[in-house]
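Have a look at the structure below, then the notes.
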Amino acid sequence: MAKRNLRGRQPAPDPGVLLAQLRSADEQVRVTALHRVCPRGAGFVVYERFRGEVKRLQKDPSPRVRAAALHAEQDACLIEELDARLDRAGEQGWRYSDPGWVRAHRRRQATRYWLPL
């Protein structure tokens, strides 16, 4: 059985090929390329590299291309918002996404040992 990446991300695409696909004259090729740039599937490194192209394609004549570009942008905003909330929770001393973190945090507070255990 093949192992799958924990986050379900695909391998990083070749930037030159992806840029050519984003600028293609074929609508379906552009839509597919936008799905490969989406931060939920590709991660922020790929998305940020092609963010200018995603913004440009939000004004594409094709409604399918515009929808895919808006989808990628909305996913990026959602992920950034969730990261900000997790950062804020960490600053306040609560990390609900990691159950062991709260227990370890309370143990550090009780022992006044602030380095990670």
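Treat the numbers as computed from the prediction; the structure is a model and nothing was measured.
From Arg23, atom CZ reaches atom CG of Leu18 across 11.0 Å, with rounding to the nearest 0.5 Å. Rounding to the nearest 0.5 angstrom, the gap separating the NZ atom in Lys55 from the CG atom in Leu70 is 9.0 Å. The structure places CD of Gln58 at 5.0 Å from CD of Glu73, a figure rounded to the nearest 0.5 Å. Distance CD/Gln74 to CG/Leu78: 9.5 Å, rounded to 0.5 Å.
Val29 and Leu22 are members of different hydrophobic clusters when ILVMFWY side chains are connected at heavy-atom separations under 4.5 Å. Phe44 is connected to Val37 through a chain of hydrophobic side-chain contacts under 4.5 Å among Ile, Leu, Val, Met, Phe, Trp and Tyr, so both are in one cluster. A continuous path of Ile, Leu, Val, Met, Phe, Trp and Tyr side chains, each step under 4.5 Å between heavy atoms, connects Leu19 with Val46, placing both in one hydrophobic cluster.
Under the 4.5 Å side-chain criterion, counting only non-hydrogen atoms from C-beta, His71 is in contact with Asp75. Residues Pro63 and Arg66 have side chains in contact (heavy-atom distance under 4.5 Å, counting atoms from C-beta outward).
Checking side-chain atoms of Arg30 against main-chain N and O of Gln21 turns up no donor-acceptor pair under 3.5 Å.
Ion pairing between a basic and an acidic side chain is recognised when a charged N comes within 4.0 Å of a carboxylate O; Arg56 and Glu53 show such pairing.
The minimum heavy-atom distance between Ala72 and Tyr47, with the atom names listed, is O-CE1, 4.1 Å.
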